[in-house]
Amino acid sequence: QVQLVESGGGSVQAGGSLRLSCAASPHIVSHYCMGWFRQAPGKEREGVALGFPGSRGTSYAGSVEGRFTISRDNANNTMYLQMDSLKPEDTAKYSCAAGDPGLNCFSVGAYDYWGQGTQVTVSS
């Protein structure tokens, strides 16, 4: 029922920018918890940017605060992650996810639906 497809990953130099996109099935972006997660080899998956639908709030990981921005285009069923001032430690597979908005969207456990992921590699 819920389909999520990420795109926009790639390889960039430190200090560069990328914009990731997550195309979702209808009504998901506008009504669900939506978030971006990342996982690097040997590390646990971490929430990068998580948010409630509408204007109910957004939470960023401290490591990306001020550099990454999550946004939604409800009309086009697309979520974005704008990544600026990229660092080598940002290298990871990035996945978008959606979850029940009746739960706490700031909790990883709220997310039930996942995209396939897109690789971001930042070199120094």
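Counting from 1, the numbers follow the sequence of the chain as shown.
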*Please assess Asn74 against His31 for the test side-chain contact (heavy atoms from CB on, under 4.5 Å), listing each intermediate value before the final yes or no.*
CA-CA 9 Å; Asn74 292 335; His31 291 91; over 6 Å; no

*Go through the steps to decide whether Val122 and Lys87 satisfy the test side-chain contact (heavy atoms from CB on, under 4.5 Å), and finish with yes or no.*
CA-CA 6 Å; Val122 184; Lys87 305 174 180 180; 5.5 Å; no

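- Counting only heavy atoms from C-beta outward, the side chains of Ser25 and Gln1 never approach each other to under 4.5 Å.
- In this structure, the separation between CG on Leu18 and OG on Ser11 is 8.5 Å, given to the nearest 0.5 Å.
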Can you list, pair by pair, the side-chain donor-acceptor contacts under 3.5 Å of residues 106-115, counting residues two or more places apart and other chains?
residue: Ser107; atom: OG; partner: Gly109; partner atom: N; Å: 3.4
residue: Tyr111; atom: OH; partner: Cys105; partner atom: O; Å: 2.7

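- Phe37 and Met79 fall into different hydrophobic clusters, defined by Ile, Leu, Val, Met, Phe, Trp and Tyr side-chain heavy atoms under 4.5 Å apart, directly or through other members.
- Put simply, Leu81 and Leu50 are part of two different groups of oily side chains (I, L, V, M, F, W, Y) that touch within less than 4.5 Å, one to the next.
- Here the closest heavy-atom approach between residue Asn104 and residue Phe52 is recorded as OD1-CZ, 3.5 Å.
- The main-chain N or O of Ala23 is never found under 3.5 Å from a side-chain atom of Thr78 such that the two would form a donor-acceptor pair.
- Proximity of a side-chain donor or acceptor of Glu6 to a complementary backbone N or O of Cys96 within less than 3.5 Å is detected.
- Residue Tyr94 holds its OH atom at 15.0 Å from SG of Cys22, rounded to the nearest 0.5 Å.
- Distance check: His27 NE2 to Asn77 CG gives 7.5 Å after rounding to the nearest 0.5 Å.
- Expressed to the nearest 0.5 Å, how far CZ of Arg72 lies from OG of Ser30 amounts to 8.5 Å.
- Between Leu86 and Arg67, the shortest heavy-atom distance links the atoms CA-NH1, 3.8 Å.
- A donor-acceptor pair is defined here as one N or O able to donate and one able to accept, closer than 3.5 Å; no such pair exists between the side chain of Thr58 and the backbone of Ala49.
- Of all non-hydrogen atoms in Ile70 and Gly35, the two that sit nearest each other are CD1-CA, 4.3 Å.
- A donor-acceptor pair is defined here as one N or O able to donate and one able to accept, closer than 3.5 Å; such a pair exists between the side chain of Lys93 and the backbone of Gln116.
- Shown here for Val48 and Val64, the closest heavy-atom pair between the two residues is O-CG2, 3.6 Å.
- For Glu89, there are no salt bridge (Lys or Arg N to Asp or Glu O under 4.0 Å) partners at least two apart in sequence or on another chain.
- Residues Tyr80 and Thr69 have side chains not in contact (no heavy-atom distance under 4.5 Å, counting atoms from C-beta outward).
- Atom CZ of Phe68 is separated from atom CG of Asp84 by 8.5 Å, given to the nearest 0.5 angstrom.
- Residue Ser124 comes nearest to Pro88 through the heavy atom pair CB-CG, 3.9 Å, listed as atom of the first residue, atom of the second, then distance.
- The 12-atom threshold is not exceeded at CD of Gln3, counting heavy atoms of other residues, nucleotides or ligands nearer than 6.0 Å.
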*Please lay out, stage by stage, how Val120 and Met83 fare under the test side-chain contact (heavy atoms from CB on, under 4.5 Å).*
CA-CA 10 Å; Val120 171; Met83 305 185 293; 3.8 Å; yes

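- Pro53 approaches Pro101 most closely through the heavy-atom pair CG-CB, 4.0 Å.
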